[in-house]
**Student:** 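Please find one structure pasted underneath; my questions will follow.
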There are 2 protein chains.
Amino acid sequence: MPGSDRKAVTSSTTFKALRVLEAVAASPQPMGLSDVAEAVGFDKSTTYRMLNTLAEAGYIVRDDLAKRYSLSYKVVYLSRNLLAENEVMRLSHQMLERITAETGETTHLCVLDGQQTVLIQKVKGTQLVAVDFQIGDRSPLHCTSIGKALLAFQDVRFIEEVIAAGLPKMASNTLTDPEAFRKELHLVRAQGYAIDDHEFSDSMRCIAAPIFEPDGHVGMGISLSGPDTRYTLQRLEELRGPLLRAAWDLSERLGGAPWK
Amino acid sequence: MPGSDRKAVTSSTTFKALRVLEAVAASPQPMGLSDVAEAVGFDKSTTYRMLNTLAEAGYIVRDDLAKRYSLSYKVVYLSRNLLAENEVMRLSHQMLERITAETGETTHLCVLDGQQTVLIQKVKGTQLVAVDFQIGDRSPLHCTSIGKALLAFQDVRFIEEVIAAGLPKMASNTLTDPEAFRKELHLVRAQGYAIDDHEFSDSMRCIAAPIFEPDGHVGMGISLSGPDTRYTLQRLEELRGPLLRAAWDLSERLGGAPWK
DNA sequence: TAATGAAGTTTCATTTATTGAAATAGCAAA
DNA sequence: TTTGCTATTTCAATAAATGAAACTTCATTA
């Protein structure tokens, strides 16, 4: 199937159930049956059956009095192995704290997941005005510093898949031309870090660096993001040193081989 | 359906898919098709279809070379609203840090989720030997201090449901007699905290207190747990003050009304 | 107090999807 | 090259899902 037009065999009923789960998860407050049915576009009786199923399986909780549904903590339980307190997470957290102690800025640790990045750790800085990303937040690869920092160190096949998936314009400086984007990734790979200067958002700039694993693979990285009023190009230059030192040290401690 | 023998209408196909998801999530390393099929007990072709579905929906990632499946960070993304950085989480974290600063012990914040508790926040203490619970870990209600601390403040109907579900013996001091257990909950309610003295595990003791919301409802609490060699009954007595002050202060800051 | 409207729940004939045994494909090891 | 095992596909039979319609519940309105 990979690279093929023919889709893999799948289960349409399961897709429906997952759509219902996502609708409930996305809502900041409990939802009624009609709300969910409207959000997912399924018949009420189909939606009702899926809600019952998810509740019985423990993924959502039904408030029997209000007849409303909300997400259960079971999904947090499923995430356990992903977010477990292990050596990698501990060392990473130390490095985030180090950068934040040196710079005062909020620092993020992200992983590559499919064709996006996911924020998994964060240490808040002292600045009152900061970019407020949440654990679990996903970001595109083509127009964020962390996305480019991770993508530049993937194999060419994957890079081409991302390019083929499209480079939609998100801000005034988003690179949408495939050739220009490939050049940018070459630059990122050469210099070992990436900058987002109004590519993802016109009010924010970022800088990010990859973390290397023992086999040379890159699956996560560190980034600093902030409002462009404070994150001038000069400020990014000041942040580069602490960021790269931390990324290098973390890679070494994990047994990684940066810049091989 | 509540209280009825008749089950709600559900989707058996969805249950199968969720079982597959849970099997992949539970594995510390990527699994092949045959591994998953064996773990869930479904035919390989059924399992194959569910894996394809979960992969296409983004919940698991397929390594095309090794033909192995692992959990995606999408479940972390679904958890966003549950673990979001909000005022409750910020204040709670401050209180955990306060207790840990005063006592040196690891502190936990747990929520009531169905008939279990889930660990959602943790501040590590300075002690080398500590109970190593993970974010997402679930615990029973009937034999943990946090379980009893939360259960004691639920309405009687829910308490009776938990008792009806069974009080299995987990350690030498587990309360398995319903009447003795009801008395214990009365005591917890009266004193405002709970102690687990070899009820959950014969090598650990714990103390926990509920957090009150503005409407008087109790949905989460704080607990301290440790090896029984350090967590003597006297030590629990020493921890009671810092724990109750923090729980009280957090309840007040959240607008809650403790012990109404 | 009765009528109305909307949300939630159930029914069931019809339709669609799923199932899984068997066959086939792929690939590493002997 | 053969063997053995995993992964993938096929498809007739079976089971499940679907959703329109009916029914139930309850709050609101006249």
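Note on naming: letters A, B, ... go to the chains in the order of the sequence lines (proteins, then strands), and numbering restarts at 1 for each one.
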**Student:** Categorize Thr10(A) for me: base, sugar-phosphate, or nothing, with a 4.0 angstrom heavy-atom threshold over every strand shown.
**Tutor:**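 Contact class for Thr10(A): sugar-phosphate only.
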**Student:** With a 4.0 Å limit, can you tell me whether Arg49(B) has a side-chain N or O closer than that to the phosphate oxygens OP1/OP2 of dT18(C)?
**Tutor:**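 So the side chain of Arg49(B) is outside the cut-off, no N or O lying under 4.0 Å from OP1 or OP2 of dT18(C).
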**Student:** Taking atom types as they are modelled, is there a donor-acceptor pair under 3.5 Å from the base of dA17(C) to the side chain of Thr13(B)?
**Tutor:**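 When only heavy-atom distances are counted, Thr13(B) does not reach the base of dA17(C) through any donor-acceptor pair under 3.5 Å.
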**Student:** Look at the side-chain N and O atoms of Lys16(B) and state whether any lies under 4.0 Å from the OP1 or OP2 oxygen of dT19(C).
**Tutor:**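 Yes, because at least one side-chain N or O of Lys16(B) sits under 4.0 Å from OP1 or OP2 of dT19(C).
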**Student:** Can you measure from CD1 (Ile211(B)) to OG (Ser251(B)) and round to the nearest 0.5 angstrom?
**Tutor:**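 Going from CD1 on Ile211(B) over to OG on Ser251(B), the span is 4.5 Å.
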**Student:** According to a strict under-4.0 Å criterion, is Ser12(B) in side-chain N/O contact with OP1 or OP2 of dA17(D)?
**Tutor:**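 Yes, because at least one side-chain N or O of Ser12(B) sits under 4.0 Å from OP1 or OP2 of dA17(D).
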**Student:** For Asn52(B) and Thr10(A), indicate whether the former's side chain and the latter's backbone hold a donor-acceptor pair under 3.5 Å.
**Tutor:**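 No, because the side chain of Asn52(B) does not come within donor-acceptor range (under 3.5 Å) of the backbone of Thr10(A).
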**Student:** Using whole Å, what does the distance between atom C1' of nucleotide dA17(D) and atom CZ of Phe15(A) come to?
**Tutor:**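 Going from Phe15(A) (CZ) to dA17(D) (C1'), I get 16 Å.
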**Student:** Would you kindly give the CG-to-P distance between Asp63(A) and dG8(C), to the nearest whole Å?
**Tutor:**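 That distance rounds to 12 Å.
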**Student:** Counting only side-chain nitrogens and oxygens, does Ser45(A) get under 4.0 Å of the OP1 or OP2 atom of dT18(D)?
**Tutor:**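 The answer is no; no side-chain N or O of Ser45(A) sits under 4.0 Å from OP1 or OP2.
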**Student:** Look only at the side chain of Asn81(A) and the backbone of Ala25(B), and say whether a donor-acceptor pair between them is shorter than 3.5 Å.
**Tutor:**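 Such a contact is found between Asn81(A) side chain and Ala25(B) backbone.
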**Student:** What is the distance from CZ of Arg68(A) to P of dA7(C), rounded to the nearest Å?
**Tutor:**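 Going from Arg68(A) (CZ) to dA7(C) (P), I get 10 Å.
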**Student:** Using ring-ring contact (aromatic ring centres under 6.0 Å, His included) as the criterion, list what pairs up with His142(A), not counting sequence neighbours.
**Tutor:**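 Per chain and number, His142(A) pairs via ring-ring contact (aromatic ring centres under 6.0 Å, His included) with no residue.
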**Student:** With sequence neighbours excluded, tell me which residues meet side-chain hydrogen bond (donor to acceptor under 3.5 Å, both in side chains) with Glu179(A).
**Tutor:**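 For Glu179(A) the side-chain hydrogen bond (donor to acceptor under 3.5 Å, both in side chains) partners, ignoring immediate neighbours, are Arg182(A).
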**Student:** Atom CZ of Phe42(A) to atom P of dA20(D): distance rounded to whole Å?
**Tutor:**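 In whole Å, dA20(D) P lies 14 Å from Phe42(A) CZ.
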**Student:** Separation of Lys44(B) atom NZ from dG26(C) atom P, in whole Å?
**Tutor:**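 Checked: the NZ to P distance equals 15 Å.
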**Student:** Starting from P on dT9(C), measure out to CG on Leu51(A) and report it in whole angstrom.
**Tutor:**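 Result: 9 Å.
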**Student:** Would Phe133(B) and His108(B) satisfy ring-ring contact (aromatic ring centres under 6.0 Å, His included), going step by step from the backbone distance to the final call?
**Tutor:** CA-CA 9 Å; Phe133(B) 289 125; His108(B) 302 111; 5.7 Å; yes
**Student:** Quick check: does any side chain N or O of Gln115(B) sit under 3.5 Å from a backbone N or O of Leu141(B), one acting as donor and the other as acceptor?
**Tutor:**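 Checking the backbone N and O of Leu141(B) against the side chain of Gln115(B), no donor-acceptor pair under 3.5 Å is found.
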**Student:** Report the nucleotide, chosen from dT9(C), dA17(D), dT19(C), that has the shortest atom-to-atom distance to any side-chain atom of Met50(B).
**Tutor:**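 Closest nucleotide among those given: dT19(C).
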**Student:** Angle, rounded to 10°, between the helical axes spanning five pairs at each terminus of the helix from dT1(C)-dA30(D) to dA30(C)-dT1(D)?
**Tutor:**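 Roughly 30°, once rounded to the nearest ten degrees.
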**Student:** Quick check on dA7(D): is either OP1 or OP2 less than 4.0 Å from any side-chain nitrogen or oxygen of Tyr48(B)?
**Tutor:**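 Checking dA7(D) against Tyr48(B), no side-chain N or O comes under 4.0 Å of OP1 or OP2.
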**Student:** What nucleotide, of dT9(C), dG19(D), dA7(D), holds the atom closest to the side chain of Lys67(A)?
**Tutor:**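 Nearest to the side chain of Lys67(A) among the choices is dT9(C).
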**Student:** How close or far is atom P of dA17(D) from atom CG of Asn52(A), stated in whole angstroms?
**Tutor:**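 That distance rounds to 12 Å.
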**Student:** Rounding to a whole Å, what distance do you find between Leu65(A):CG and dA27(D):P?
**Tutor:**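 Leu65(A) atom CG is separated from dA27(D) atom P by 11 Å.
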